[in-house]
Q: 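This is the structure, below, for whatever I ask next.
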Amino acid sequence: MGFTIKGTLAEVSRHRNAYILALSASMGSIFYGWDTGLMGGILTLASFQDYFGINKMSASAQANFNGNIVSIMQGGCFFGVLGTSWISSRFGRKWSLIASGIIYIIGSLLQAIVGLGSNQVVALRVLYFSRFFAGLGVGMVSALAPSYVSECMPRHIRGRCTGLVQFSNNVGMMLSFWVNYSSSINLPSGDMQWRMPFLVQLVPGVLFVLMMLPQPESPRWLVERGRYAEAAETLAYVVRTSVDDKAVLLTLDEIKADFVGKQRVSMLMQFRMMGESRKIALRCLIPSIATFFQQWTGTNAINYFSPQIFAGLGISGTTSGLFATGIYGLVKVIAVGLTLALAVESWGRKMCLFVGGLGQGFAMLWIGGFSAVHPQTTIVPASYVSIVAVYLYAVFYCIGWGPLPWVVASEVSPNHLRPAVMTCAVCVNWLFSFTISRLTPVMLDHITYGTFLLFGLCCIVMSAWVYFFLPETKGYALEDIKYLFEKDIIVRSLEDSPGGRVFLGGRRATSVEELRRAADVRDSSSSEISIERKGDEERIEIAEVADLQI
């Protein structure tokens, strides 16, 4: 164990520039998670309900208000994503990320001062506007951060570093849960009790902007713009070597080869090119499928409305509900941290998604079944099992469908189409985040336990999709992932699935190495690519530094 810890620390030290870059970009995801966890707790505070007159509404009107005030931010996120692909293609990933942080800071400040010097009606309008405006920045960073990190990372730590985006999301969510809890017990009932959580969320926004300023631009964006020397400098910086290093030059050659004939593709053309071939269309569709499924796990139903859900399971009182929610956030942070440290690069993306989906599904089905047979809020022995099931749901979500959809989406996307593909994927994410956040309080009010049964069945369906249709992407350079979708996709997916070869008999997918050799021969014979390929001998020669390739 000591040797393992020592080796891990040595590896982190060796690639510290890469980890610092990933951590800097992931800071943006902290305020993404912060707002996700913040509003659900604030809605339960009596001081907030008094200030905006929520406690005078009927139960149905309260459910509608809760859905509206939560989902308005998702609406902003959706529209923020729409402009992200053009902005990031025009100005680069780094400066677009910084711009998203500034937008978020302005929106958060407006939320904190809402109502000062105005009446209740105006205050509510400003609250809606400020949450929508902050959502523009949150949506931008949710689309940009995974792409930026994935494009900069060495392949053997790419999944872990891209997963830091979701880890930071959960850190932000956990911190917001505990800030809400602290506010409820340490501040007297009044305006400051609900303003303080809004004020504190400015901190991660400011830190994000400051940490991003010294970071380099994405090497793949630089290659697309023909700025090869700067791209080499970024590649060398990330792996802490010289620009003349063989691994850096090989990676730069592969990126340049992948972009031949595709430089400066306009955003409209990128969207058109997403259907230029079957394999390209499939690679462009998978990220949107992954983010669609992520929302139908039901995670936002718990993230936003966990105090109400815990109340339904027998934990009564605002403070008790917020405390239970805080523990829920802590469990998620620990689970994501362990997944990124131990599982994402050893189990692989596919196994994490498969196991996580099944675990989530069974936990949700239990919660739904218990709520059906015991609709009262009184405590019985099975209530404790259901509360544990909520925490187990969080663990399995963090093993798979929390961090991994963003890893898969950023890896599978074609390099020259990544801005457009990630825009579509994140738009799907926020569209259904908005839909589910808007409908969840209404569903909990009308169909009660059916809400959990629906999400549980969705988790089982997405696990089946991963098992049969998603190849493993772990260990491949971004430029080589295209070969996974060249042919035999279902066969390859089943080969990578636990016990999947039982369905195949003697069939096997063509290896990536064979497909790459065939592509090299085609490219050489047709003279379509002038960049000299070194051949398999050189690949073997530099095998000892292959983990430096990005």
Side-chain angles (χ1 to χ4, degrees), residues 25 28-36 38-39 64-93 95-111 114 124-148 165 169 172 198 201 205 208-209 266-268 270-271 274 284 287-288 290-292 294-296 300 303-304 405-406 409-410 413 417-440:
S29 201
I30 286 186
F31 57 71
Y32 169 17
W34 192 291
D35 194 277
T36 301
L38 181 80
M39 205 63 222
N64 282 322
F65 175 83
N66 291 347
N68 289 334
I69 202 66
V70 166
S71 61
I72 190 67
M73 193 200 75
Q74 274 84 355
C77 292
F78 178 82
F79 287 101
V81 172
L82 289 179
T84 299
S85 54
W86 180 84
I87 294 171
S88 65
S89 293
R90 176 68 179 83
F91 300 104
R93 319 298 194 236
W95 291 106
S96 299
L97 281 166
I98 291 173
S100 70
I102 294 172
I103 293 172
Y104 169 81
I105 291 171
I106 295 172
S108 298
L109 182 60
L110 289 174
Q111 290 178 71
V114 65
L124 188 57
R125 290 173 182 170
V126 174
L127 181 60
Y128 276 119
F129 170 78
S130 58
R131 285 186 56 75
F132 180 87
F133 189 82
L136 296 175
V138 174
M140 289 174 64
V141 79
S142 68
L144 290 167
S147 295
Y148 174 71
V165 173
N169 183 319
F198 282 130
Q201 74 174 347
F208 168 66
V209 172
S266 69
M267 287 310 305
L268 180 60
Q270 285 189 40
F271 285 111
M274 287 168 63
C284 294
S288 293
T291 55
F292 170 82
Q294 185 188 49
Q295 291 307 312
W296 284 99
N300 277 340
N303 291 340
Y304 285 114
W406 300 109
S410 58
S413 304
L417 303 178
R418 185 170 287 113
V421 173
M422 289 302 292
T423 294
C424 291
V426 181
C427 278
V428 167
N429 173 78
W430 284 116
L431 176 62
F432 285 95
S433 177
F434 170 86
T435 302
I436 292 171
S437 299
R438 180 65 186 84
L439 292 179
T440 293

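Because the structure is a prediction, the values reported are computed rather than measured. Along the sequence shown, residues are numbered consecutively beginning with 1.
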Q: If I compare all heavy atoms of Ile103 with all of Gly137, which pair ends up nearest, and what's the gap?
A: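 Looks like CG2-N, 3.6 Å.
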
Q: Nearest 0.5 Å, please: how far is OH in Tyr104 from CD in Gln201?
A: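 If I round to the nearest 0.5 Å, the distance is 3.5 Å.
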
Q: Can you tell me how far apart CD (Gln111) and CE (Met73) are? Round to the nearest 0.5 Å.
A: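 One gets 9.0 Å once the value is rounded to the nearest 0.5 Å.
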
Q: Answer whether the closest heavy-atom distance between the side chains of Ser433 and Gln294 falls below 4.5 Å.
A: no

Q: Say whether, by atom type as modelled, one donor and one acceptor occur between the side chain of Arg418 and the main chain of Ser410 under 3.5 angstrom.
A: yes

Q: Do Arg131 side-chain atoms and Ile72 backbone N/O form a donor-acceptor pair below 3.5 Å?
A: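 Answer holds: no.
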
Q: At their closest point, which heavy atom of Ala420 faces which heavy atom of Gln270, and how far apart are they?
A: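 Residues Ala420 and Gln270, closest heavy atoms: N-OE1, 3.3 Å.
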
Q: Under the side chain to side chain donor-acceptor pair (under 3.5 Å) rule, collect the residues that match up with Ser142, sequence neighbours excluded.
A: Trp430

Q: Do Val141 and Ser29 come within less than 4.5 Å of each other through their side chains, counting heavy atoms only?
A: no

Q: Any side-chain heavy atom of Ser96 within less than 4.5 Å of one from Arg90?
A: no

Q: Just to verify, what does Tyr148 make a side chain to side chain donor-acceptor pair (under 3.5 Å) with, not counting sequence neighbours?
A: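 Not a single residue meets the side chain to side chain donor-acceptor pair (under 3.5 Å) criterion with Tyr148.
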
Q: For Ala425, does its backbone N or O pair with a side-chain atom of Thr291 as donor and acceptor, under 3.5 Å?
A: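 Yes; judged by distance alone, with no hydrogens or angles, the pair exists.
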
Q: Would you give the length of the straight line joining atom CZ of Phe271 to atom OG1 of Thr423, rounded to the nearest 0.5 angstrom?
A: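 These two atoms lie 5.0 Å from each other.
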
Q: What's the shortest heavy-atom distance between Val421 and Pro287, and which atoms?
A: CG1-CG, 3.6 Å

Q: Applying ring pair (Phe, Tyr, Trp, His ring centres under 6.0 Å), can you list everything that pairs with Phe198, at least two apart in sequence or on another chain?
A: none

Q: Where do Leu82 and Cys427 come nearest, in terms of heavy atoms and distance?
A: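 Closest heavy-atom pair between Leu82 and Cys427: CD2-SG, 3.4 Å.
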
Q: May I have the step-by-step check of side-chain contact (heavy atoms from CB on, under 4.5 Å) for Phe78 and Leu136, ending in yes or no?
A: CA-CA 7 Å; Phe78 178 82; Leu136 296 175; over 6 Å; no

Q: Give me the atom names and distance for the closest heavy-atom approach of Thr84 to Ala143.
A: CG2-CB, 4.0 Å

Q: Atom CZ of residue position Phe79 - does it have more than 12 heavy atoms of other residues, nucleotides or ligands inside 6.0 Å?
A: no

Q: Does any non-hydrogen side-chain atom of Cys284 lie less than 4.5 Å from one of Leu417?
A: yes

Q: With side chains defined as the heavy atoms from C-beta onward, is the minimum distance between Met422 and Ser88 less than 4.5 Å?
A: no

Q: Can you list the steps and then say if Ile105 with Leu109 is a side-chain contact (heavy atoms from CB on, under 4.5 Å)?
A: CA-CA 6 Å; Ile105 291 171; Leu109 182 60; 5.5 Å; no

Q: Got Trp86 and Phe91 here, is their nearest side-chain heavy-atom distance under 4.5 Å?
A: yes

Q: Nearest 0.5 Å, please: how far is CG in Leu124 from CD1 in Ile69?
A: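 Output value for this atom pair is 6.0 Å.
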
Q: How long is the straight-line distance from CD1 of Ile102 back to CE of Met140, given to the nearest 0.5 Å?
A: 10.0 Å

Q: Report the distance from atom CG of Leu144 to atom CD1 of Ile98, rounding to the nearest 0.5 Å.
A: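 If we round to the nearest 0.5 Å, Leu144:CG and Ile98:CD1 are 11.5 Å apart.
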
Q: Heavy atoms only: give me the nearest Val428-Ser288 pair and the separation to one decimal.
A: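 Closest pair (atom of Val428, atom of Ser288, distance): CG1-O, 3.7 Å.
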
Q: If you define the side chain from C-beta out and look only at heavy atoms, does anything of Ser100 sit under 4.5 Å from Phe208?
A: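 When only atoms from C-beta onward are counted, Phe208 and Ser100 do touch, with a gap below 4.5 Å.
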
Q: I'd like to know if the side chain of Ser130 reaches the main chain of Leu127, judged simply by a donor and an acceptor atom lying under 3.5 Å from each other, with no hydrogens or angles considered.
A: yes

